[in-house]
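A short write-up of the structure that comes next.
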Amino acid sequence: MSAQPNEKVQVIASGDRTILPEGTRMIPVYIMGKKYLLPETLTIQKAIEYAGYQFIRACGCRGGICGACPTVWRVKGDYQLHFGLACQTVIEEEMVLAQLPFFPANKAVYDLEQLQATGEAIASLYPEVMKCVGCNTCTRACPMDIDVMEYINAAMRGDVARTARVSFDCIQCGLCSARCPAQIAHYHVAQLCRRLYGRYVLPRAEHLASRVDEIQAGKYDGFLEELTRMDEDQLRKLYVEREVEPLDSEGWEPGDKRYL
Amino acid sequence: MGYTPEMKELIKRVEATRAERVERTRRGEYFPAMTLDERAEVLGRFHPDYKEAGRRAVKVGPNKGDVYPEEFVEQLEAYPRIHPDRVDFGALPTSETDVLVIGGGGAGSSAALRAAENGCRVVLATKLRHGDANTVMAEGGIQGADQEVDSPYFHYLDVIGGGHFTNRPELVAALTHDAPLVMSWLESLGMMFDKEPDGRMRVRHGGGTSRKRMHSAGDMTGSEIMRVLRDEVRNRPDAIEVMEFSAAVELLKDAQGRACGALLYNLETEAYFVVRARAVVLATGGFGRLHVQGFATTNHYGATADGLVLGYRAGVSLDFMHSTQYHPTGAAFPEQNVGLLITEKVRGLGANLVNIDGEQFVFEREPRDVESAAIIRECVERARGVTTPVGRLGVWLDSPMIEELEGPGTVERELPAKFVQFMRYGIDIRKEPMLVYPTLHYQNGGLKITADAETSVPGLFAAGEVTGGVHGENRLMGNSLLDITVFGRRAGTNAAAYAQNLEDGPGEPALDHVRAFIADLEAGGVGRDRISPMLIPDYTTPEVRQRQLTAHYLGTLR
Ligand SMILES: Cc1cc2nc3c(=O)[nH]c(=O)nc-3n(C[C@H](O)[C@H](O)[C@H](O)COP(=O)(O)OP(=O)(O)OC[C@H]3O[C@@H](n4cnc5c(N)ncnc54)[C@H](O)[C@@H]3O)c2cc1C
Ligand code: SF4
Ligand code: SF4
């Protein structure tokens, strides 16, 4: 391990541009069929940049949560198709890859207030879910390891809650929908169910509703007004003296209730 | 894959001190917290915000003379992508709307929804896909005082204390006042908040909170907010038109100086076009991708300060742009993870920060700025950091302590994403520590706004990370997701009212403010080669760039 950053490092030690250790091995990777020699251990995303591309599509958060960079690949000589996110997958020797930054999928337009959390809502907006043939291809394509077929099956049964919970990690990358022989737009179905679940199945937060009433009645306007007029010393004093709710606060009540 | 043999050797020193550190933690003995004076000292000497090197005064515009990070000044002191003389409003394709919202993150989507609900036609123009934004990356949570033991009053004190009492009071009042309203709005839109069986919100403490008010949706709070808002925007195709890969490169003003639209750029066809509007909302987010002082960042690909540049050229001054948030624990190894956020939760679960010798050097729950400065000091001044094979520096975050303290299974249960993200590179964070270094995380400052989300330019509103003042010099976790929804909604509502009350409509669009800005740049002797807004960062290697003999770069964009 070099203790001193060498000159090369100082030139390119900028943010996200990868700095390669001495002697990094270069491996053949085929970007849409075209061969490049790229440093092993890079993610697909950084490897493509290393090759000389500048992303417009297929690059968003660069942290595995936005769903912009779904990628499919095979390794030469192996029939199996693989799926993953370019920002989260390390390149392999002889990988032949293509990115799928967009895949058409119909989103139903709806008014949440006019719906109920039932199978009918799903069936009327996305009748194609009923055509699932149970092949499980969607699940195998999911880079988030979601049991996609399971949530589609739950949607077929009208089990909004299960679809919502099983699909919770969905980043809406579209790989499942690109693969489905029944032409289902899984992630839109899942989104509908999650919103139905959040709106109608999870009980409403009563304390929040009361607080909203209090705020709308102007209960805190005076307190806030008073705070905005205070000078730093007054604020500092209040800040330092404010009671802190303990970590384990079961049954805890503050001594000073004047401002609650 | 995994740590190099040299690094593995060094890890033995961490292991050597671990048992004793675990014992101390069990006894509730922590590394002593700094006094206020010690904090001031380490901040002054090591926090990038306080160091003179790498910062300089801006020569032009409303904040002339103010000192900012060099990388940011270079965006301000730069020529437009397209000279106003080359823009022929008669020839460019033009559409019209009531409210133009620029930026499709949480703030922009909230604004678009509120403007539409108030009867306006809306165009939401965004640079990448709708939702490719910092919003989607937020994991931790969103604050709001809805519990009985809490109130906006205490939330206010926490926000302003956390911001070192520098925040704009009226903005803090708006933020804390609206917080429960926003929670309720998101709940009614069907957001899957973490709740108790009876519907009560599950809340936790966050750094600097006096009451538990951190609300969450698993460890995907920002993603869940973004998914719901985006879906709702798309449920209103008659009112809201979404234009993706359409970056705003200039604001338009009429002869009376009112904002009246934007000049936009189709990133794919490279064609320019115009959207004229009665009111404009800027919601373009932050600037992490400027990689201030070479720091890695947690931010998304499009966080390049565009809105700041546009607003500044249009005459809006900046507030608090001298202040930047570095998250103390960004990954420093492996190279593929560099910059990635390692949540505070790792320290919350008991992991120590230790130097190359396995010694603790800082209390794990100092404020973010202090913690970051202490890590930099350990590496730079005391030379007790670990150098990675490519020459980056870092200290150890001793994650294996977690399961010793909290029992087996804790890491996978509490930190599933981080576990996988390191496992991929052959690092098992249950057994091996993580190497960390501060990472550029959040732009504390931004365009100056009022509590109604107005800027100094009539008809121009701004909301979210692109604005400054809400958080003063330091933001607490969970108040940014709140900021973007509170001020995004206010911007949308007020822009709609403004648009509807505009009697004769805005006049002909012009770019005279840009011409004037160019004259200032020339007078200031700014070199012609500097172009902004950046739009997209450039990660091409210098070697490839040398070989791109006929490639044309305008700024960073090829
Ligand atoms: C990794 C991470 C974790 C975080 N965790 C938390 C947390 O737990 N709690 C919390 O409260 N906050 C958190 N934050 C901060 C918070 O997520 C952001 O500050 C906030 O979401 C910003 O929202 P925004 O709408 O202002 O900007 P963004 O969400 O970034 O949206 C800006 C949008 O504008 C677009 N845009 C940019 N330039 C242009 C242009 N020229 N023309 C058109 N469109 C443009 C972008 O593409 C983007 O879509 C976190 C941030 C990060 C990066
Ligand atoms: S469920 Fe489908 S859209 Fe969602 S993450 Fe998995 S593959 Fe992508
Ligand atoms: S891919 Fe389509 S048809 Fe096959 S299991 Fe999934 S949803 Fe059903």
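Just so it is clear, the values below take in all heavy atoms, side chains as well, and ignore hydrogens, waters and symmetry mates. Just so we're on the same page: letters track the sequence lines, and every chain starts at 1.
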Quick one: what part of [X] sits under 4.5 Å from any heavy atom of chain A, side chain, backbone, both or neither?
{"X": "B/Ala217", "answer": "both"}
{"X": "B/Asp158", "answer": "both"}
{"X": "B/Glu139", "answer": "neither"}
{"X": "B/Pro237", "answer": "side chain"}
{"X": "B/Leu186", "answer": "neither"}
{"X": "B/Arg202", "answer": "neither"}
{"X": "B/Met191", "answer": "backbone"}
{"X": "B/Gln147", "answer": "both"}
{"X": "B/Ser188", "answer": "both"}
{"X": "B/Asn299", "answer": "backbone"}
{"X": "B/Leu557", "answer": "both"}
{"X": "B/Val544", "answer": "side chain"}
{"X": "B/Leu267", "answer": "both"}
{"X": "B/Pro334", "answer": "neither"}

Is there a donor-acceptor contact under 3.5 Å from the side chain of [X] to the main chain of [Y]?
{"X": "B/Ser151", "Y": "A/Tyr259", "value": "yes"}
{"X": "B/Asn235", "Y": "A/Tyr110", "value": "yes"}
{"X": "B/Glu187", "Y": "A/Ala205", "value": "yes"}
{"X": "A/Lys107", "Y": "B/Arg234", "value": "no"}
{"X": "A/Gln54", "Y": "B/Thr556", "value": "yes"}

Do you know which of [options] has the most heavy-atom pairs under 4.5 Å to chain B?
{"options": "A/Leu42, A/Asp111, A/Leu196, A/Asp169", "value": "A/Asp169"}
{"options": "A/Cys59, A/Ser249, A/Pro254", "value": "A/Cys59"}
{"options": "A/Tyr50, A/Tyr53, A/Trp252, A/Phe102", "value": "A/Trp252"}
{"options": "A/Pro101, A/Ala209, A/Gly67", "value": "A/Gly67"}
{"options": "A/Arg195, A/Glu40, A/His188, A/Glu49", "value": "A/Arg195"}
{"options": "A/Gly63, A/Cys170, A/Ala108, A/Cys87", "value": "A/Cys170"}

Counting heavy-atom pairs closer than 4.5 Å to chain A, which one of [options] comes out on top?
{"options": "B/Pro197, B/Pro169, B/Ser210", "result": "B/Ser210"}
{"options": "B/Arg211, B/His300, B/Glu148", "result": "B/Arg211"}
{"options": "B/Glu268, B/Gln548, B/Glu170, B/Arg547", "result": "B/Glu268"}
{"options": "B/Ala145, B/Gly339, B/Gly302", "result": "B/Ala145"}
{"options": "B/Arg558, B/Met220, B/Lys212", "result": "B/Lys212"}
{"options": "B/Pro152, B/Ser184, B/Ala173, B/Pro5", "result": "B/Pro152"}

Side chain / backbone / both / neither for [X] at chain B, heavy atoms under 4.5 Å:
{"X": "A/Arg242", "value": "side chain"}
{"X": "A/Asp221", "value": "side chain"}
{"X": "A/Arg57", "value": "both"}
{"X": "A/Arg194", "value": "both"}

Do B/Tyr156 and A/Phe223 have ring centres separated by under 6.0 Å?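 Here the rings of A/Phe223 and B/Tyr156 have centres that are no less than 6.0 Å from each other.
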Please report the closest heavy-atom contact between A/Val212 and B/Pro180, naming both atoms and the distance.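 Nearest pair, atom of A/Val212 first, then B/Pro180: CG2-O, 3.7 Å.
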Considering all heavy atoms of both residues, which atom of B/Val136 and which atom of A/Cys66 are nearest to each other, and what is their separation?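 Shortest heavy-atom contact: CG1-CB, 3.9 Å.
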I want to check a possible cation-pi pair here: A/Arg199 against B/Phe193, using under 6.0 Å from ring centre and within 45° of the ring axis as the test.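 Negative - A/Arg199 is either too far from the ring of B/Phe193 or too far off its axis.
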Using 0.5 Å steps for rounding, measure from the [atom1] atom of [X] to the [atom2] atom of [Y].
{"X": "A/Ile215", "Y": "B/Asp178", "atom1": "CD1", "atom2": "CG", "answer": "7.5 Å"}
{"X": "A/Gln172", "Y": "B/Arg129", "atom1": "CD", "atom2": "CZ", "answer": "9.0 Å"}
{"X": "A/Arg62", "Y": "B/Tyr539", "atom1": "CZ", "atom2": "OH", "answer": "5.5 Å"}
{"X": "B/His155", "Y": "A/Leu227", "atom1": "NE2", "atom2": "CG", "answer": "12.5 Å"}
{"X": "A/Thr228", "Y": "B/Asn167", "atom1": "OG1", "atom2": "CG", "answer": "12.5 Å"}
{"X": "B/Tyr153", "Y": "A/Tyr220", "atom1": "OH", "atom2": "OH", "answer": "13.0 Å"}

Go through the steps for B/Ile160 and A/Tyr239 under the test side chain to side chain contact (heavy atoms under 4.5 Å, CB included), then give the verdict. CA-CA 9 Å; B/Ile160 205 151; A/Tyr239 180 71; 5.8 Å; no
Stepwise side chain to side chain contact (heavy atoms under 4.5 Å, CB included) check, B/Phe154 with A/Glu243: CA-CA 9 Å; B/Phe154 293 101; A/Glu243 292 167 86; 5.9 Å; no
Contacts of type side-chain hydrogen bond (donor to acceptor under 3.5 Å, both in side chains), residue A/Glu232, not counting sequence neighbours: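 For A/Glu232, the residues satisfying side-chain hydrogen bond (donor to acceptor under 3.5 Å, both in side chains) (neighbours in sequence not counted) are A/Arg236.
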Side-chain contact, heavy-atom cut-off 4.5 Å: A/Ile56 with B/Ile536?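 The answer is yes; the side chains approach within 4.5 Å.
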Side chains of B/Arg424 and A/Gln88, donor plus acceptor under 3.5 Å: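 Indeed, the side chains of B/Arg424 and A/Gln88 share at least one donor-acceptor pair under 3.5 Å.
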What residues form a salt bridge (charged side-chain N to carboxylate O under 4.0 Å, His left out) with A/Glu250, not counting sequence neighbours?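 Checked A/Glu250 against salt bridge (charged side-chain N to carboxylate O under 4.0 Å, His left out); zero matches.
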For B/Met183 and A/Arg211: C-alpha separation, side-chain torsions, deciding distance, then whether side chain to side chain contact (heavy atoms under 4.5 Å, CB included) applies. CA-CA 11 Å; B/Met183 300 293 156; A/Arg211 179 55 48 86; over 6 Å; no
A/Lys46 and B/Glu335: side chain to side chain contact (heavy atoms under 4.5 Å, CB included), yes or no, with the steps? CA-CA 11 Å; A/Lys46 289 191 177 173; B/Glu335 192 57 18; over 6 Å; no
